[in-house]
Amino acid sequence: MARSGIREIMDAAWGRADVIHLEVGQPDFPTPPHIVEAAHVAAVAGRTGYTPTAGIPELRSALAEKILLRNGFAVDPAQVVLGNGGGQAIHAALVAVTEPGDGILLPDPAWPNFAMMAALLHLDAAHYGLTASGGYLPDVSELERLVTSRTRVLLLNSPSNPLGAVIDRDRMQALLAFAARHDLWVLSDECYDEITFETPAVSPAALDTDGRVLTVFSFSKTYAMTGWRLGYVAAPPAVADALAKAQEPMISCLNTPTQYAALAALASGPDVIAAMVSSYRQRRDTVIGHLGELGMTAFRPAGAFYTWVDVTGSGEGSREFALRLLAQERVAVAPGTAFGPGGEGFLRLSLAASEADLVAGVARLATAWRRSAG
Ligand SMILES: Cc1ncc(COP(=O)(O)O)c(C=O)c1O
């Protein structure tokens with residue numbers, strides 16, 4: 001597997017206080033204190049042993065309720081299986097529904113771990129493009145060209161990392177119809193489900209009539225809990241059973257105090273998430289506004305916490321631009337190519353940084369841009 005293109009920049013910028021860090025893909029907020037406290041209380045009370053593989057029953061029930069209320073589809077708690085973060089949950093879901101040699105349709109650009117998982121599981125990945133001209137949404141006619149009789153899975157990611165694009169209801173319906181035509185599983189990565197700025201994201205599972213959607217969620221971004229490692233899958237009953245079985249040799253169960261922290265997170269008032277989303281929205285508007293004033297263009301994300309900035313006119317590749325930006329202007333960003341060849345010509349700026357850093361970072365980015373373009 002190729003080295004991560006984000007890591008290259010992170011390593012070069014590591015520990016440098018003079019660098020503005022806009023490359024990181026994790027919230028800059030601390031985990032809310034009542035969530036930390038719940039883990040502490042659980043550990044002190046001796047809740048430190050193994051739990052059932054799929055998770056403690058009260059958490060699976062609370063997650064089924066959350067999914068109904070916030071994602072708009074009904075599942076039995078038995079259909080909810082916890083994972084060690086959304087990433088491991090996606091991996092387990094792929095283990096449950098694929099065999100080596102099966103085909104999988106992945107977005108490009110996308111979170112690089114999807115392709116890495118496909119490689120680990122010996123899946124044959126075909127990449128569908130997410131392009132500016134297509135509004136960064138999956139195009140069904142392209143999927144029709146890529147699908148083969150060996151294809152088993154269509155992976156969707158809305159809101160998307162790195163783009164922040166959100167798939168609307170009509171497009172989602174068309175994607176489900178495509179999956180039904182070719183009898184595919186739909187693996188829907190909704191790790192940014194609650195970080196949306198205009199309208200709520202649409203879960204394909206809410207439109208699914210024939211039990212082909214597996215949905216993966218995470219506490220990492222929603223509650224600023226990246227290091228706690230808590231994700232979960234909602235799957236059709238038979239798949240959920242297979243998934244829980246596949247989890248056993250992988251993780252035995254999830255960290256026990258973390259599961260009690262998750263219960264406290266779910267019981268939080270709506271302000272906890274709303275306050276973070278409101279900051280990301282404000283920062284998005286600041287960044288898009290400043291980039292526009294400086295003559296640069298970026299996609300206006302409807303969700304997640306990234307900005308996708310166009311540097312195609314620089315005459316340089318994304319990686320070279322990102323390395324030069326770090327060397328000359330001391331700003332670390334992720335090169336678009338870290339997310340696949342479709343990211344060439346773009347940079348991903350994380351909005352998980354202070355307004356002051358974002359404003360200064362964008363100004364320095366524009367300086368680097370003018371230097372190359374002029
Ligand atoms: C699109 C996407 N999916 C899944 C994940 C996995 O997150 P975690 O394993 O922390 O839940 C990430 C993390 O960056 C992501 O960006």
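Ligands are counted one by one from 1 in listed order, and the atoms in each one are counted from 1 as well.
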With only distance considered, is [X] within less than 3.5 Å of ligand 1 through an N or O on each side?
X      : result
Asn84  : no
Gly25  : no
Asn161 : yes
Gly87  : yes
Asn157 : no

Within reach of ligand 1, part of Phe219 (heavy-atom separation under 4.0 Å):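 Under 4.0 Å from ligand 1, Phe219 contributes no heavy atoms.
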contact_flag Lys221 ligand 1 heavy-atom lt 4.0 Å: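 Within the 4.0 Å threshold, so yes.
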Sub-4.0 Å heavy-atom contact, Gln88 with ligand 1: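 Outside the 4.0 Å threshold, so no.
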Short side-chain to backbone donor-acceptor contact, Arg284 and Phe305, under 3.5 Å: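 Not at all, since once roles are kept as given, no pair shorter than 3.5 Å links the two residues.
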Geometric cation-pi criterion, Lys66 with Tyr232: 6.0 Å, 45°: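 Not satisfied by the 6.0 Å and 45° rule.
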Aromatic Phe178 / basic Arg181 pairing, under 6.0 angstrom, 45° off normal: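 Here Arg181 fails the 6.0 Å and 45° test against Phe178.
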Closest to atom 10 (O) of ligand 1 (judged by heavy-atom distance), picking from Ser218, Pro162, Ser220: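 That would be Ser220.
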No-hydrogen, no-angle side-chain donor-acceptor test under 3.5 Å, Thr337 and Glu344: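 Short answer, no.
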Exercise: do Thr286 and Glu355 side chains pair donor with acceptor under 3.5 Å: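 Thr286 vs Glu355: donor-acceptor pair found between side chains.
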Sub-4.5 Å side-chain heavy-atom contact between Val277 and Glu194: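 Counting from C-beta outward, Val277 and Glu194 never come under 4.5 Å.
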Contact list for residues 87-107, test side-chain hydrogen bond (donor to acceptor under 3.5 Å, both in side chains), sequence neighbours left out: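 Qualifying pairs: Gln88-Gln247.
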